[in-house]
Engineer: 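Here's a structure for you.
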Amino acid sequence: MRGSSWNRRTVQRLRQALISTVGSMKIKLLLCCCIGFTLIALASRASDFMGWTNHTAALERFSDSRKGYSIVMNTWKRYDLLKQSISHYSRCPRLDSIHIVWSEPSPPSDSLRKFLYHIVQLNTRDGRQVELKFDINTEDSLNNRFKEIKDLRTDAIFSIDDDVIFPCPSVEFAFDVWQSASDTMVGFVPRMHWVDPTVCDKNHYIYGGWWSVWWTGTYSMVLSKAAFFHKKYLSLYTNEMPASIREFITKNRNCEDIAMSFLVANATGAPPIWVKGKIFEIGSTGISSLGGHSEKRTHCIDRFVAEFGRMPLEPTAVKAVDSRNIWFW
């Protein structure tokens, strides 16, 4: 009897101990949950306490101002190419506006205007409102493509000639690259320069075309025939570029793209960024097809170095590639 009584007391004590332990665990678990919920609540409010919420809103507003880009398209008496280019680029998702640089003696015809306005309207029925404008110039000069545009709604400019086509995904990718380095030039057509080894004076340089880039793997310019840059450089080119350089470009009808590369490199101290992309040449003639083109460009570089007082162009081997579209990278 004593043994059975002792066993019962032992079992009761064990039960009480177990109940006490379980109760203690429940209390501890409840306390942990309360502490956890409190920490979560504090974390969610921490952004308000620290001012991060306003900072995020500011970043969103900053991002909104750079969501899209404006195309500045240079053209000259190639209306079929102009129609084809406008028809293509007006489909690009983040395009905000198109500015056609018009330097011909006669203004654009009503039929051309109506056709282009209709094409843009037809290609932007998804809720977008792409603006199309003709920037009319009285003087025929290559400097016109870099004249300041007062009513631009975007920071980003995609400078393009009317005779080259890049797929919209390539343009959009280049825009993304530009957003990560918005002070520099980001483009599809790289070129190179190097010191002329035949001249003792190291301030003489040689202009290198595409094959120089292909052979060396380096470049120091991206041509404005297909490049993104910040709209502030239009103001710098128009108002602060040495007048002698602009006069030289107007007289020689060449090298405005090299001058812009000099201007941006001089302002940033950094190289441009080459973006890999497919290019479709839809035109058969241009300044680059004329004889002595490379020699003239070499002369331009030496002339600009003298005007700037130094060589601002920085060589680089960096190339931006959209790895989503490439099997091996």
Side-chain angles (χ1 to χ4, degrees), residues 62-75 78-102 108 112-135 145-146 149 151-182 184-190 222-231 233-234 257 260 272-283 319-326:
F62 178 72
S63 178
D64 287 344
S65 70
R66 292 170 52 183
K67 274 185 177 179
Y69 55 89
S70 301
I71 281 181
V72 176
M73 183 176 294
N74 200 49
T75 187
R78 300 188 290 194
Y79 307 137
D80 289 341
L81 301 186
L82 179 62
K83 292 177 181 178
Q84 188 174 343
S85 292
I86 297 298
S87 177
H88 168 73
Y89 288 113
S90 59
R91 295 185 175 94
C92 295
R94 287 182 285 178
L95 176 65
D96 179 81
S97 61
I98 302 174
H99 295 257
I100 300 173
V101 181
W102 191 272
L112 178 63
R113 286 178 181 268
K114 289 180 181 178
F115 178 87
L116 294 180
Y117 288 139
H118 174 70
I119 285 295
V120 171
Q121 186 177 15
L122 191 66
N123 291 338
T124 56
R125 288 183 174 178
D126 54 356
R128 295 185 301 131
Q129 293 183 346
V130 174
E131 184 179 45
L132 176 66
K133 285 191 173 183
F134 284 85
D135 295 336
R145 74 181 306 162
F146 299 137
I149 302 174
D151 57 349
L152 279 176
R153 299 183 297 195
T154 67
D155 289 341
I157 289 174
F158 183 45
S159 175
I160 189 76
D161 284 351
D162 61 2
D163 61 348
V164 288
I165 295 289
F166 290 90
C168 285
S170 295
V171 177
E172 298 287 311
F173 175 67
F175 177 50
D176 289 334
V177 174
W178 176 84
Q179 286 185 302
S180 69
S182 59
T184 193
M185 290 184 72
V186 174
F188 294 98
V189 186
V222 290
L223 302 187
S224 57
K225 69 183 296 180
F228 278 95
F229 54 82
H230 197 284
K231 66 180 181 182
Y233 293 119
L234 295 183
D257 48 359
M260 178 57 84
I273 300 176
W274 170 24
V275 176
K276 180 179 175 62
K278 292 181 180 179
I279 181 173
F280 298 92
E281 300 271 1
I282 60 175
K319 179 167 63 174
V321 178
D322 188 349
S323 58
R324 295 170 298 180
N325 301 323
I326 295 178

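For the single chain, residues carry numbers from 1 onward in sequence order. FYI, side chains are in, hydrogens and waters are out, and symmetry mates aren't considered; it's all heavy atoms of this structure. Since we're looking at a predicted model, the values are computed, not measured.
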Engineer: Using modelled atom types and a 3.5 Å cut-off, is there a donor and acceptor pairing between side-chain atoms of D161 and backbone atoms of D163?
Structural biologist: no

Engineer: Could you name each residue pair satisfying side-chain hydrogen bond (donor to acceptor under 3.5 Å, both in side chains) that touches residues 86-98, not counting sequence neighbours?
Structural biologist: S70-S97, S90-N123, R94-E172, R94-D176, D96-R153, S97-H99

Engineer: Looking at every non-hydrogen atom in both residues, tell me the closest pair between E281 and K225 and how far apart they are.
Structural biologist: OE2-NZ, 3.9 Å

Engineer: What heavy-atom pair brings C92 and R128 nearest, and what distance separates the two atoms?
Structural biologist: O-NH1, 2.9 Å

Engineer: Nearest heavy-atom pair of P93 and C168: which atoms, and what distance?
Structural biologist: CD-CB, 4.4 Å

Engineer: Look at atom NZ of K276 and say whether more than 12 heavy atoms of other residues, nucleotides or ligands are closer to it than 6.0 Å.
Structural biologist: no

Engineer: Flag the pair F229 / P272 as yes when at least one side-chain heavy-atom distance between them is below 4.5 Å, and no otherwise.
Structural biologist: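 Sidechains of P272 and F229: no contact.
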
Engineer: For residues 112-121, which residue pairs qualify under salt bridge (charged side-chain N to carboxylate O under 4.0 Å, His left out), counting only residues two or more places apart or in two chains?
Structural biologist: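 Of all non-adjacent pairs touching residues 112-121, none passes salt bridge (charged side-chain N to carboxylate O under 4.0 Å, His left out).
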
Engineer: With a 4.5 Å heavy-atom cut-off, do L95 and Y69 have their side chains touching?
Structural biologist: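 When only atoms from C-beta onward are counted, Y69 and L95 do touch, with a gap below 4.5 Å.
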
Engineer: Can you list everything that forms a side-chain contact (heavy atoms from CB on, under 4.5 Å) with D257? Sequence neighbours excluded, please.
Structural biologist: L223, S224, R297

Engineer: Could you go through the side chain to side chain contact (heavy atoms under 4.5 Å, CB included) check for V222 and I273 one step at a time?
Structural biologist: CA-CA 7 Å; V222 290; I273 300 176; over 6 Å; no

Engineer: How far apart are the C-alpha atoms of M185 and M260, what are their side-chain angles, what is the distance that settles it, and do they pass the side chain to side chain contact (heavy atoms under 4.5 Å, CB included) test?
Structural biologist: CA-CA 9 Å; M185 290 184 72; M260 178 57 84; 4.1 Å; yes

Engineer: The criterion is side-chain contact (heavy atoms from CB on, under 4.5 Å); which residues satisfy it with Q129, sequence neighbours excluded?
Structural biologist: none

Engineer: Rounded to the nearest 0.5 Å, how far apart are CD1 of I71 and CD1 of I160?
Structural biologist: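 The distance works out to 7.0 Å.
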
Engineer: Between I157 and F146, is there a side-chain heavy-atom distance shorter than 4.5 Å?
Structural biologist: no

Engineer: D162: what forms a side chain to side chain donor-acceptor pair (under 3.5 Å) with it, not counting sequence neighbours?
Structural biologist: T75, R78

Engineer: Taking side chain as C-beta onward, heavy atoms only, is F228 less than 4.5 Å from V171?
Structural biologist: yes

Engineer: To the nearest 0.5 Å, what is the distance between NE2 (H118) and CD1 (I86)?
Structural biologist: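 Going from NE2 on H118 over to CD1 on I86, the span is 14.5 Å.
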
Engineer: Could you pull out all residues at least two apart from K133 that satisfy salt bridge (charged side-chain N to carboxylate O under 4.0 Å, His left out)?
Structural biologist: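 With sequence neighbours excluded, K133 shows a salt bridge (charged side-chain N to carboxylate O under 4.0 Å, His left out) to E131, D151, given in chain and number order.
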
Engineer: Can you list everything that forms a side chain to side chain donor-acceptor pair (under 3.5 Å) with Y117? Sequence neighbours excluded, please.
Structural biologist: none

Engineer: Taking only residues two or more places apart in sequence, or in another chain, which ones meet L112 in a side-chain contact (heavy atoms from CB on, under 4.5 Å)?
Structural biologist: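 Applying side-chain contact (heavy atoms from CB on, under 4.5 Å) to L112 gives Y79, L82, K83, W102, P108, S109, L116.
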
Engineer: Test side chain to side chain contact (heavy atoms under 4.5 Å, CB included) on I100 and L132; report intermediate values, then the result.
Structural biologist: CA-CA 8 Å; I100 300 173; L132 176 66; 3.8 Å; yes

Engineer: Run the ring-ring contact (aromatic ring centres under 6.0 Å, His included) test against F166 and tell me which residues pass, sequence neighbours left out.
Structural biologist: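 Partners of F166 by the ring-ring contact (aromatic ring centres under 6.0 Å, His included) criterion, ordered by chain and then number, come out as F188.
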
